[in-house]
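Read the structure below first, then the notes.
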Amino acid sequence: MIAIEQSVQTGGTRAAFLRRAAAAGGTLVAGGFVAGAFPGFVSAAASPAQDVRILNLTLTLEYLEEAFYAQALRAGKLTPALRRFAETAGAHERAHVQFLEKALGRKAIKRPTFDFRDTITNPKKFSKTAVLLEDTGVEAYNGQAANLTKPTLAAAAKIVSVEARHAGWIRAIRGDNPAPRATDRSLTADAILERVKRTGFITS
Amino acid sequence: MSDGLDFTLEELDCDGALQESLEGIGFSRSALLGTAVVGGGALLAAFGAAPAEAAIPANDTDILNYALTLEYLQAAFYTETERSGATRQTKMRRVPGQIGAVERAHVAAFRGVLGRKAVKRPFFNFRGVTEDADAFLRTAVAFEDLAVAAYKGQAPRLRSPQVLAAAISIHSVEARHAAWMRFLSGVLPAANAFDEGKSLGETVGIVNSTRFIVSNPNQTGRGSPRFTG
């Protein structure tokens, strides 16, 4: 317990810890993205193998967000406020992807390909989609917090509040209440995957 | 990225009242020096499967009481600002009411979970920041960023999975508030790709530096304390 707490407090060892977790981990398929890539998702006790499955779930969401912002910026149809949001959030998502890829090493799931249709060219649809993706990120990390080993939780907690800041920011730009609930929802992996599937954004 | 707002609280002075109140509920000196414990929170009532008061590990009770103290502080700050009407003529007119309701819900939930073990509400003197819209906003940014860091610093220390699940879902609401207040201030709502946590010692030091928590409701400051509820 003491060793774990020390490692939680030593930022430099975070990645190493996660790499070790990944090396000890299960056999997540690195093929194309399908819900079936996460079989029998969460069991009771936290374990390095379970960390790998959970981090691959969140990596998938980070890939999705990163591609969404990058493609929207390339399309060049955003308002100045939305462009500033997409540039900033996009850079953060890229940093999250890099962090998770490094942590997972060979166990990292492959980057899917995406088709965002008119959500990257229509500013109204863009902001609505950004709300959905950022809320989903928050709900995915929150839903898995208690299933992670403590060192991985410490790292994930540094990411989830940034997703929540993005969620609050894009809602503020839209004129919506940035924090409409006293507690954020926690969704199961199945619910997250179902929601991602429903967007139809992932093509392979 | 520095935007000049991160040190709003730290620039103020300190009278050690929060530290006293924490020692009063059983925090050891070593804990207060930052070597152990504290800082999460939980809206367990929202989770159906809330453990009974007695079932919460002692470690988690201490952390919940610390979080409760921070929530008392935030709830009082927004409630008093709503009452003063300081933001009424501004674009923030609904903010104190909206965020205040959420922070009061967090207080009620913690008190419900902790029962007789809940720490008592301290007395506050906000020294004028609840009566001026600009000072209110600067303080709100600092409080919300601090709350995010305080919850994050302690989340991995929580032992009960239910308490952790609840605490982490409050943590992200504080982050939404932080982004919102920053947006209203015109600074970047999400300044970094990774938010760092703060230890108990760091958090208590910053809260103490505000002198917002006072040991006596009639203590004189710049103006009388108005929040007593």
Side-chain angles (χ1 to χ4, degrees), chain A residues 1 4-5 8-9 11 14 44 46 81 84-85 88-89 91-96 98-99 134-135 137-139 141-173 177-186, chain B residues 1 36 41-47 94-95 98-99 101-106 108-109 144-145 148-149 151-184 188-197 199:
Chain A
M1 191 63 193
I4 287 172
E5 285 175 359
V8 166
Q9 287 164 349
R14 203 170 60 218
R84 186 166 189 235
F85 168 78
T88 308
H92 294 166
E93 312 304 1
R94 199 152 47 247
H96 297 166
Q98 285 164 0
F99 174 80
E134 296 294 348
D135 280 351
V138 171
E139 290 159 0
Y141 280 103
N142 279 354
Q144 298 302 327
N147 300 320
L148 291 167
T149 62
K150 296 299 187 189
T152 304
L153 166 63
K158 298 185 183 191
I159 295 177
V160 66
S161 59
V162 174
E163 304 292 341
R165 285 174 185 269
H166 295 165
W169 183 2
I170 188 67
R171 282 166 179 269
I173 291 172
N177 184 343
R181 303 167 55 88
T183 54
D184 273 317
R185 285 195 189 88
S186 299
Chain B
M1 182 177 302
L43 233 201
L44 286 169
F47 279 75
R94 294 171 63 206
V95 166
Q98 286 175 319
I99 301 188
V102 168
E103 309 296 7
R104 288 191 296 270
H106 295 167
E144 297 296 349
D145 279 344
V148 175
Y151 275 91
K152 191 191 314 298
Q154 303 307 321
R157 296 180 183 278
L158 288 166
R159 297 194 180 142
S160 155
Q162 292 97 329
V163 172
L164 169 61
I168 206 76
S169 74
I170 289 179
H171 164 250
S172 56
V173 170
E174 304 291 353
R176 286 172 185 267
H177 291 167
W180 186 2
M181 296 303 98
R182 285 175 161 264
F183 179 81
L184 291 172
L188 212 51
N192 299 295
F194 300 91
D195 272 338
E196 296 298 322
S199 70

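We name chains A, B, ... by the order of the sequence lines, and we start the count at 1 in each one. No hydrogens, no waters, no symmetry mates; every other heavy atom, side chains included, goes into these values.
For B:Ala179, the side-chain contact (heavy atoms from CB on, under 4.5 Å) criterion is met by A:Arg165, B:Pro189, not counting sequence neighbours. For the side-chain hydrogen bond (donor to acceptor under 3.5 Å, both in side chains) test, residues two or more places apart in sequence or in another chain that qualify with A:Glu93 are A:His96, A:His166.
Ranking B:Ala101, B:Ser172, B:Ala149, B:Pro161 against chain A, the residue ahead of the rest is B:Ser172, based on heavy-atom pairs under 4.5 Å. For the options A:Ala95, A:Ala172, A:Ser161, heavy-atom pairs under 4.5 Å to chain B are most numerous at A:Ser161. Annotation: maximal heavy-atom pairing with chain A below 4.5 Å, among B:Val173, B:Val102, B:Val148, occurs at B:Val173. Residue with the most contacts toward chain B among A:Leu153, A:Asn177, A:Val162: A:Val162 (heavy-atom pairs, distance under 4.5 Å). Comparing A:Ala91, A:Ala145, A:Ala164, A:Pro178 by how many heavy-atom pairs each has under 4.5 Å with chain B, the most go to A:Pro178.
In this structure, chain B has no heavy atom under 4.5 Å from any part of A:Leu148. Contact of A:Arg84 with chain B is made through the side chain alone, with heavy-atom distances under 4.5 Å. Only the side chain of A:Arg171 comes within contact range of chain B, judged by heavy atoms closer than 4.5 Å. For A:Thr88, the part lying near chain B is the side chain, with the backbone staying farther off; criterion is any non-hydrogen pair under 4.5 Å.
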Checking A:Glu139 against A:Asn142 for the side-chain hydrogen bond (donor to acceptor under 3.5 Å, both in side chains) test, could you report, in this order, the C-alpha distance in whole Å, the side-chain angles of both residues, the deciding distance, and whether it holds?
CA-CA 5 Å; A:Glu139 290 159 0; A:Asn142 279 354; over 6 Å; no

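Between B:Glu103 and B:Ile99 there is a side-chain heavy-atom pair separated by less than 4.5 Å. Put simply, the side chain of B:Phe194 reaches to within 4.5 Å of the side chain of A:Phe99, judged on heavy atoms.
Nearest heavy-atom pair, B:Leu158 versus A:Lys150, reported as atom, atom and distance to 0.1 Å: O-NZ, 2.7 Å. Taking every heavy atom of both residues into account, A:Asp135 and A:Ala167 meet most closely at OD1-CB, 3.5 Å.
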